[in-house]
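By convention in this document, chain letters (A, B, ...) are assigned in the order of the sequence lines, proteins followed by strands, and residues within each chain are numbered from 1.
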Protein chains: 2
Amino acid sequence: MGHSQAEKAETHQRIVDVAARRFRELGIEGISVADIMKEAGLTVGGFYKHFTSRDDLVVEALMASFAEIEESDLTQQPTLKKTIQTYLSEKHRDEVHSGCALSSLVNDVSRSTDDAREVFTQRLERSLSHIENQIPPEIDGNHRAKAILAYSACVGAMSLSRAVSDPKLSRQILNTVSAELISLFSAKPSQGSLA
Amino acid sequence: MGHSQAEKAETHQRIVDVAARRFRELGIEGISVADIMKEAGLTVGGFYKHFTSRDDLVVEALMASFAEIEESDLTQQPTLKKTIQTYLSEKHRDEVHSGCALSSLVNDVSRSTDDAREVFTQRLERSLSHIENQIPPEIDGNHRAKAILAYSACVGAMSLSRAVSDPKLSRQILNTVSAELISLFSAKPSQGSLA
DNA sequence: ATTATCTATAGATCTATAGATAATGC
DNA sequence: ATTATCTATAGATCTATAGATAATGC
């Protein structure tokens, strides 16, 4: 008991990391403060010396999830094709606890606090920019618009593939959306739609 | 008290309807059995003469949400263009309680029971068929694949537009994905991607 | 002296059940 | 007699706080 300030910072980070993992897996309301503390090797009493409220932890855990993504495979791919394939992989689908929180918590966040929704929004803007920057320059049309389409499709496909009970359909959603998006971004310049 | 069997059926339907509405709005775990019963004009004690468990109500409420969609504007549009525009409308975004549960509860269902996930899966297959059947015959490529892409984009865009705190971005997501999908389904036959 | 964490608990809430009450329906 | 609903409550759980304990750090 009564550890140093340095240790407190480590403890704080450990609590946030457990929450970031478990919220993605079980939903924002899917685990209690007491269980999070237990999993971090602590007891519930100390919680409110680290956070003013449970909602405060929710915001920090969201930020931690997003910071983690920034350094993960999901953001480190060299081409748009590989970014899409990595996002829409079975590995990403099955490892919810370390995956993109924009997919796993989008419904939860829409019912959460304004603070949580703001953190979410900032991260979404970054992800959209990242996709937009990876679109090959020879692709015509509005790249921002295509990034929004592609990212919406990725979030929808990943969410649906996790909800579905049929493993074959789950795989089909991932592989089909992946292939369709990739073909969209390697389309011939003659594709223009004037209508 | 002690009403007729006919009245019991009506009462049952009323409970399910309240749950179907509130679950979409607040999440599957976002409202208690007691509050659902109160909103249906009843008290909590009678609940378990109608349902064997809370999970049982969840499945019935999901089925009711889906049955409602089958008869709503969302499914009654004459063309694919109108279907997409209706799905990705601000009205649909704002009226979560009567909207498509595939969008509003996709994260919740992925953490729910096998029964809930099966009902969800069946509904998803129907929605995919509906989109597929509305794709104009002159569009080349695999129509099932294009339906999966379009529906994933719709679910992703609707979910994201509800989670985001910036109203401008929220509208942009809906309008952009709508326009991009519609242009995709009115593309010239010369669009083929050989790569 | 201050503080990081612990034990213990208040007070609210949630699912589910027991038993009473007042209708229905043979 | 059966049953649809009600009141009341058991038992589990959840957020948040109070006060004790054992370190840190001036």
With sugar-phosphate meaning primed atoms plus P, OP1 and OP2, does B/S32 contact a base, only sugar-phosphate, or nothing at under 4.0 Å between heavy atoms?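 The answer is sugar-phosphate, as B/S32 gets under 4.0 Å only of primed atoms, P, OP1 or OP2.
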
Roughly, in whole Å, what's the span from [atom1] in [X] to [atom2] in [N]?
| X | N | atom1 | atom2 | answer |
| --- | --- | --- | --- | --- |
| B/I15 | C/dT15 | CD1 | P | 14 Å |
| B/Q5 | D/dT2 | CD | P | 14 Å |
| A/E10 | C/dT3 | CD | P | 19 Å |
| B/L57 | C/dC14 | CG | C1' | 14 Å |
| A/H50 | D/dA16 | NE2 | P | 15 Å |
| B/F47 | D/dA8 | CZ | C1' | 18 Å |
| B/F51 | C/dT17 | CZ | C1' | 17 Å |
| A/K38 | D/dC14 | NZ | C1' | 13 Å |

With the threshold set at 4.0 Å, does a side-chain nitrogen-carboxylate oxygen contact exist between B/R14 and B/E7? no

Could you tell me whether B/D114 and B/R117 make a salt bridge, using a distance below 4.0 angstrom between a side-chain N and a carboxylate O?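 Judged by the 4.0 Å cut-off on N to carboxylate O distance, B/D114 and B/R117 do form a salt bridge.
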
Any side-chain to backbone donor/acceptor pair from [X] onto [Y]? Under 3.5 Å, distance only.
| X | Y | result |
| --- | --- | --- |
| A/H92 | A/Y87 | yes |
| A/S170 | A/V164 | no |
| A/R162 | A/M158 | no |

May I ask you to test the A/L42-A/I15 pair for a side-chain heavy-atom distance under 4.5 Å?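 Result yes, sub-4.5 Å side-chain heavy-atom pair found.
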
Should A/F66 and A/L124 count as side-chain neighbours, where that means a heavy-atom distance under 4.5 Å?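 Result no, sub-4.5 Å side-chain heavy-atom pair not found.
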
Among [options], which is the nearest nucleotide to the side chain of [X]?
| X | options | result |
| --- | --- | --- |
| A/R54 | D/dT15, C/dT5, D/dT5 | D/dT15 |
| A/Y48 | D/dT15, C/dG25, C/dA4 | D/dT15 |
| A/K8 | C/dT7, C/dT5, C/dC14 | C/dT5 |
| B/V44 | D/dA8, D/dA4, C/dC14 | D/dA8 |
| A/S4 | C/dA4, D/dT24, C/dC14 | D/dT24 |
| B/L42 | D/dT24, C/dC6, D/dT5 | D/dT5 |

Say you draw a straight line from OG1 of B/T83 to CD1 of B/I182; how long is it, rounded to the nearest 0.5 Å?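 Between B/T83 OG1 and B/I182 CD1, I get 10.0 Å after rounding to 0.5 Å.
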
Closest nucleotide of DNA chain D for B/E7 versus for A/E29: which of these residues is on the 5' side? B/E7

Consecutive Watson-Crick or G-U pairs in runs of at least 3, all under 3.5 Å, in which DNA chain C is involved: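 Listed by first number, the stems are C:1-24 with D:1-24.
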
Return whichever of B/A6 or B/I31 has its heavy-atom-nearest nucleotide of DNA chain C closer to the 5' end.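 Counting from the 5' end, the first nearest nucleotide belongs to B/I31.
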
Both B/S53 and B/K49 contact DNA chain C. Taking the nearest nucleotide for each, which residue is further toward the 5' end? B/S53

